[in-house]
Every structure is written in structure tokens, then in C-alpha cells.
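Below is one structure, written out as C-alpha cells, with a few remarks after it.
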Amino acid sequence: MWDAIWINANLATMTPGSGPYGAITDGALGLQRGRITYVGPAADLPSPPEQLATSVHNADGAWITPGLIDPHTHIVYGGNRAGEFEMRLEGATYEEIARAGGGIVSTVAATRDADEFDLTESGRVRLERLAAEGVTTVEIKSGYGLDTETENKMLRVARRLERLLPITVRTTFLGAHALPPEYQGKPDEYIDLVCEEMLPAANNETLVDAVDAFCETIGFTAAQTERVFKVARALDLPVKLHAEQLSDQQGAQLLARFGGLSADHLEYVSEDGVKALARAGSVAVLLPGAFYFLRETRLPPIDLFRRHNVPMALATDSNPGSSPATSLLLMLNMACTLFRMTPEEALAGVTRNAARALGMVESHGSLEQDKTADFVLWDIDRPAELAYAIGANPCLAVIRSGEIVRRAA
Ligand code: DI6
Ligand code: FE
């Protein structure tokens, strides 16, 4: 006997190559020990549902998608940057504020000051907002500590959030996010610290699932990024990169040379960079919230990603400076309205392609036999509604590893 079966459901399986959304109308989903054991038309079930599973759940015609995955967040941090938002409204740019010692560095000060309890509480509130919209997996980066102690504090908080909420957390070490004030004018010495002390220390505490860096004029050069990547690979950690957000530093090509999981942002990537990502099988993680909030005008080259078959994922980039967003569904809408992605591409971007960006596509990101039973029931008539509505939350229920962890009131 299976543990459970869901009947009377429309399934957006998001399985590649099986038609729009991999849709199965009047479908059924069988679960056993936290995994999917049957996915297909109800008509093809081998026996009546009551004879197949211990519990039978009626989805009442709801649509079911895989659990949503947010593959790029900085959701653990102290303070906020509403004051900087006001400065930008008066004409200052994001880069000017960063160069004047504001920006990321001001969040670093607030994060160093916060204790683990406060960071956990503020992070929990934001993560809960994502979870309420059907997010079952989230990536969380460090990068507002910029010293060994605070980077590890952030990563411990990220790990703790996984125990506090029904959400799978993947951590990313982002020590090379910005230059801390105590290393002003000495970026190479700071990279020494990242490579020789910070990253190995975080890894020793098993706090790191992947390694990221900010390759940018206001971040680190490609050569400095490469040093961090070499240490990551020596520790057997996969890499990803904040690449081509504000200018073309050829970060995508660098990331590809290291076989990285994803290059993220990419507004300024060249066709050579796109081809490099295609050859390496890396994912393009697009961040429409940051594009919108910084009033960027240069679009990421969606047509080039399509033409070269680079999988596109979407994420909130949830952070206090460039994307204070806690709605992944809003990102689907922005990806369609701002980037002209299709609703199906947008949903693939927060399911199977997001899973690929986290190196989890064998077990997550689509409704397929043997994958983890993470899925969401939605009160919608067609999947495109998830990208169409602004500010709606049609989430009816969330199932994680086969357990019902949320039901709409
Ligand atoms: N790019 C971003 O959009 C975030 N980090 C990065 O490297 C923003 C971080 C911040 O402004 O606090
Ligand atoms: Fe980011």
C-alpha cells in the first residue's frame, strides 16, 4: 500500500518534453515514504484509490505543481535600507551609494551587530512569506558578515531556519560579496582571508553547500573571483556567480570554466558568455526584482538563452539593497511583464530549472516518479494564472516530503 494518493487533481508536472507544463488533467499522485510513487492520469491507476493507499485525498479539481524553489536569496540580514531607497529617489545611484560606504557595507554593520536570535527571527518572518506562497526549497547566502565569525553566524542561522520551517535550505558562502571597511584599498589581502581562513572555516563546520562571489566593478575582479573558485573546487564545493549585473566582466565565461551551477543576474552578458554557459550546462538565474528595484534598463538576453538552450531560472534575490522582495509569485509576473518570458518559462524557472541551479534536479523540481513529494495545490483554472495575477496568493495547501505542512485558512 502507498501512504497516500491525491485524486481529482490537474497536474502541472513540469516534466520536460511532455507538452505545455507537462500537464495531466484529471490526474492522480501517489506517495510513499516521502516520494512520488505514481504520477499520471487517474484513469490509468491499477486499482481503485482506496485499495492503493492508506489515505485518499480529494484535490477537488485543484492544480498541483511541484513545490516552488527560490534559488537565490540573501534573506538573512540585519536592519534594512529604506533610507538608501529614499536617497536613490533623490537621484543617487546604487553604485554611488556603494562607493560612498553605504550599500552592502551598511547591511554588514547591522548584521555584525545583530545576535543569532534576532537574525533568526527577522529571517524567519521573511522566509515564512515565501513559504506561504508554496516555496518548499530556498537557497540562502552569507555575505553580510565579511569576517569569519559573522559569515558563520549567518550560515548557522540559515541552517536553523531549515529546522524551524517546513522548507529545505541550501546554503551558499558569499564571503566575496563586498570589501569590508577594515580592508579598504586592500582587496587582494581580503581575498587571502576569504581563501585561507573564512571559506575553510565555514566548510569545516559543514555550513556550506555552494560558493558564490560578486564579480563586478563594485565587487571583485575576475582574477580575484577565480582564486575563490579554486579553493571552492579544492574543497569539492560547487560554484555559482553574481555575473554581469551592472557591467560585463566576463563572469559567465569564468563560471563556465569551473563547471558552475549557475550565473545569476546577467543583464550585461554577451553572446560569448551565453555560449559558455550553454557548453558548461550552467543555469541562467534571472532576478527581475533587482532589475525592477534598481530601475535597470538593460534586459537580460532572453532570446540568446532560448537560442542556445541555456535553462532559465527565476529567484527573488531577497535582500535589503536591490530586491527587498518576499514574493516568488511576483517574480513570475515580473519575468513575464518585464522580460517577456512566457508563463510556462516562468514556472519552469521556479521549479525544474531552479532545482538544476541548486544541483538538486535529480530529486526536486518536477512531479516525476521517485522524486521527493514536495508539491503545492492551487486554486486556479490554468497554470498561467500563477504568473498573471499581481498580489494574489491562490495557494491552497503545501505538501513537503509527503506531509501536509500548510493548508489555506
Ligand atoms: N547583487 C545584488 O543584487 C545583491 N548582491 C549582489 O551582489 C544586493 C546586495 C545588497 O545591495 O545588499
Ligand atoms: Fe544576489
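Numbering of ligands and ligand atoms starts at 1, following listing order. Numbers for residues simply follow the sequence, beginning at 1.
- Within the 3.5 Å criterion, the main-chain N or O of K240 finds no donor-acceptor partner in the side chain of S262.
- Counted by atom type alone, T206 and N203 present zero donor-acceptor pairs between their side chains at under 3.5 Å.
- Screening D212, D317, D70 for a salt bridge (charged side-chain N to carboxylate O under 4.0 Å, His left out) with K141, the sole residue that qualifies is D212.
- For the pair R400 and F375, the NZ or CZ position fails the cation-pi test of under 6.0 Å to the six-membered ring centre and within 45 degrees of the ring normal.
- Judged by a 6.0 Å distance limit and a 45° cone about the ring axis, R257 is not positioned over the six-membered ring of F229.
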N/O donor-acceptor pairs under 3.5 Å from side chains in residues 354-367, not counting sequence neighbours:
| unit_1 | atom_1 | unit_2 | atom_2 | d |
| --- | --- | --- | --- | --- |
| S363 | OG | M360 | O | 3.3 |
| S366 | OG | E368 | OE2 | 2.5 |
| S366 | OG | K371 | NZ | 2.8 |

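- A392 and L329 get closest at one heavy-atom pair: O-CD1, 4.0 Å.
- Listed by first then second residue, pairs satisfying salt bridge (charged side-chain N to carboxylate O under 4.0 Å, His left out) with a partner in residues 106-119 read R112-D147, R112-E182, E116-R156, E116-R160, not counting sequence neighbours.
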Sub-3.5 Å pairs, protein N or O with ligand 1 N or O:
| unit_1 | atom_1 | unit_2 | atom_2 | d |
| --- | --- | --- | --- | --- |
| ligand 1 | 1 (N) | Q245 | OE1 | 2.9 |
| ligand 1 | 3 (O) | Q245 | NE2 | 3.2 |
| ligand 1 | 3 (O) | H265 | NE2 | 3.4 |
| ligand 1 | 3 (O) | D317 | OD2 | 3.1 |
| ligand 1 | 3 (O) | S322 | OG | 2.6 |
| ligand 1 | 5 (N) | H177 | NE2 | 2.8 |
| ligand 1 | 7 (O) | H177 | NE2 | 3.2 |
| ligand 1 | 11 (O) | R81 | NH2 | 2.8 |
| ligand 1 | 11 (O) | Y94 | OH | 2.5 |
| ligand 1 | 12 (O) | R81 | NH1 | 2.9 |
| ligand 1 | 12 (O) | R81 | NH2 | 3.3 |
| ligand 1 | 12 (O) | Y144 | OH | 2.6 |

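- Distances from the Fe ion (ligand 2) under 2.8 Å pick out these protein N/O/S atoms: H72 NE2, H74 NE2, H242 NE2, D317 OD1.
- Using modelled atom types, one finds a donor on one side chain and an acceptor on the other under 3.5 Å when comparing E216 with S247.
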